[in-house]
Structure formats: C-alpha cells, structure tokens
Amino acid sequence: MKFNTKTIHGGQEHDKAYGAVMPPIYQTSTYAQSTPGGHKGYEYSRSQNPTRHALEKALASIENGNYGLAFGSGLAAIDAVIKLLNPGDEVISTNDLYGGSYRLFTKIFERFGIVFHFVGMENANRIENYVNSNTKLIWVETPTNPMMNIIDIKSVAGIAKKYDVLLAVDNTFATPYLQQPLDLGADIVMHSATKYLGGHSDVVMGTLIVKDKELADRLYFVQNASGAVCGPQDSFLVLRGIKTLHIRMQRHCENGRAVAEYLKAHPKIENVCWPGFESHPNHEIAKTQMKDFGGMVSFTTKGNNYKEAIKIVENLKIFTLAESLGGVESLAGHPASMTHASIPKEKREQTGIVDSLIRLSVGIEDMEDLIADLEQAIG
Ligand SMILES: *Cc1c(COP(=O)(O)O)cnc(C)c1O
C-alpha cells in the first residue's frame, strides 16, 4: 500500500459489531468479564482501549513501523522514552530543541540522575565526541524548532548502531508524509500529534512508533505503569485527522514555499529559515530525506529589530498569534517569549533564537490571502 492509501486504510478495519466505517468512540473505563480473566482483550482503559488501539495501529502503518503507542501529550510520549533509562545513563540530544523537551530533560530528568548533552548535530560526526559507555539514547529533532536546521538521520543512525545506542526522532515537523525515520534507521519515532497528525488544533496528544517487538513491550510497560494515556475521544479525532494528512501536507508545503520565497525577497526581512532554499546549509540532506520542505518558516527582521517583530505579529490578521503549529489555520509565534521562553536567553541566542525571530506555521488557506496578510503586517 502506498502512503496516501495508508493514511485512509493502513492498519484500519471496519467495526466488527455493526460495520461502522469509523471506529466507535469507546467511552468506557472498564470491560465486563465472564469469569476472572475472561475478557475480550480489554480489561481497563489505561491498559487498553479499542478506539486508542485503532489509532495506534494506523500510526504504526503510516510510519512504516509495527507498533504504535498514543499518550496524553507529546511530552508524555517523550517522558515514556526517557523512562526506559536509569540514573547515570546519558542522552545526546539536538541543541536546537523544542523548549518543552528541553525543560523536561533538564528540569525533571536531570534530577533523577540522567545526563543530557545538547549538541549541534548539523554535522552528525560531532555526536561521536559525546559517546561513552553510559550513552543509551540519541534524541534528534529534524527539522528543528524553530531554526529549521536539518539533521542527517541516516548518518546519526549509523553512529547509533555502531555504539549500540537507541535513536529516537521527533518527527513532529516533518510528519511521515515528508520523512519516515524508521526507514532511515531510527528505533523510535515520536510525534506531538497535537500538531500535523491531528491537524485541526482541537486535541493534545503524543505518539511513539517502533518496529522492534521488545522495545514496543518496554514502552507499553511504561505507558501502562506511568499511565499518561489519551482518551478515546481524542484518539478518534487524531485518527480522523490522519485520513487527510497527505492532502493537508501537500498544501502546507506549497504555501510554505510561497511564504518563504516572499519573505526572502522582502527588504525589511533579514534571515529566512526554510530548508527548501538552496542556500540552506543542509539543503542537500533535506532533499534526500524529505519529500518536500514542509509548512514551517522562521524569519528575523532587518537589524534584529525586536519592536518591529512584535509589531508584525500584532498586525497579522489571518495568521493568529498563538502557541502551537500544524493546524489547518496559519499561526504566528514569537519563540523567545512564547514556545522557547523556558530556555535561558544566552542558550537561546547561541542557537539563533534571537528576539526578532518570528515562527510561522503556514496553514492551508489561499496563498494569496496569506501573502497579502504578511504584506500589510510587515508594511
Ligand atoms: C509541540 C511539540 C512537542 C510537545 O508536544 P505536546 O503535544 O505539546 O506535549 C514536542 N516536540 C515538538 C517538535 C513540538 O512541536
């Protein structure tokens, strides 16, 4: 089955009871047993729920994995991965990372004795400098948020294999429509399904997808033991979202390209970060591992003018100033004061998140309206 067909049918079957084409929302916490242990595979909804299960099978299919797991948020999914580790274990992570992931690693898991190294991975070879016998996990985000750096997943996977270390890839920005990390050698794919997979800004959810049975069992143990599962209603919404992922992503990419090119030509704009530009330092890698370049574009104002940047985000009318990304509607964000405020200013600026940086999640509205909105806001 090819990708577009998979989003609609992959891992999915019609309801056995009445043939419902979409799985029912099994809004139940528990399941009747005929005799102790005599159940139909479902005992308690933290452990298993049929609607969540339907979603998890679809997730496995679109990421070319064998097992999917759905959690109450993207961070809950990341939390489950780090809980595979023990005190003293070390993690090598991308330095230009989603702020919430950085906060989870440094403010929660460092207290439990896990050691994190934050490394610029645009040149994958740099990772080897940080590998030692305690290294258990490499955590990669690509494209990175919000600088749109690209990391070569295949090269990092080679290093992970060489040292027998797990590789997890946060695939939230790319989605499996653009990039399939398991096929490139990653062990775990993670998503904030809140973003493109859900696609309609109406649900908070996280997911993990793996190929290996033993790894899936260990993650399932954490999912059940820690209990950060998502509810059946949310599972239904994300399953519905996935069915249009391919056509939404196609339009996100088209509009993203138009917006990036418009901004690049604008005299009041300084830098535009978008991996589709030939001048992007890892454009060639982006071209090999991604099918297209996505709908996320970041930019700075001329002379890194903070006031100018604030004026732009306040003036936008179709782009909504809001946290989050990946929905059908266009959003604008100011990372330094919003998504990345939890990263200290010096650390933030080292990775390029300066005070005039604006991040756009380009939606699927008419391109002409989006450009006109930017035109009036930038002035
Ligand atoms: C939003 C996001 C997360 C966190 O997911 P939540 O669903 O908000 O918990 C993790 N990684 C990336 C790249 C994100 O954009």
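All ligand and atom numbering here is 1-based and tracks the order in the structure. Position 1 is the first residue of the sequence, and the numbers go up from there. When reading the values below, keep in mind they use all heavy atoms of this one structure, side chains included, and skip hydrogens, waters and symmetry mates.
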Ring-ring centroid check F118 Y102, cutoff 6.0 Å: yes
Near-ring test Y196/H252, centroid separation under 6.0 angstrom: yes
Neighbour count above 12 (heavy atom, 6.0 Å) for E278 CD: no
Atom 6 (P) of ligand 1 - nearest protein heavy atom and its distance: G74 N, 3.3 Å
Geometric class of the H117/Y130 ring pair [parallel <30°, tilted 30-60°, perpendicular >60°]: tilted
From the candidates T144, T194, D170, the one that places a heavy atom nearest atom 12 (C) of ligand 1: D170
NZ/NE/NH1/NH2 to OD/OE distance under 4.0 Å, E261 and K264: no
Atoms in ligand 1 flagged as close to S73, the criterion being non-hydrogen separation under 4.0 Å: 7 (O), 9 (O)
Lys/Arg N to Asp/Glu carboxylate O, D369 vs K317, below 4.0 Å: no
Mode of T172 contact toward ligand 1 - side chain, backbone, both, neither (heavy atoms, under 4.0 Å): side chain
Atoms of ligand 1, numbered as shown, that sit under 4.0 Å from any heavy atom of L325: 15 (O)
Element-labelled atoms of ligand 1 that are located less than 4.0 Å from some non-hydrogen atom of M205: 7 (O)
Nitrogen or oxygen atoms of F173 and ligand 1 under 3.5 Å apart: no
Result of checking I127, V91, I92, D89 against T135 for side chain to side chain contact (heavy atoms under 4.5 Å, CB included): I92
Top protein contact for atom 4 (C) of ligand 1, by heavy-atom distance: Y98 CE2, 3.4 Å
Heavy-atom nearest option to atom 1 (C) of ligand 1, drawn from K195, H191, E141: K195
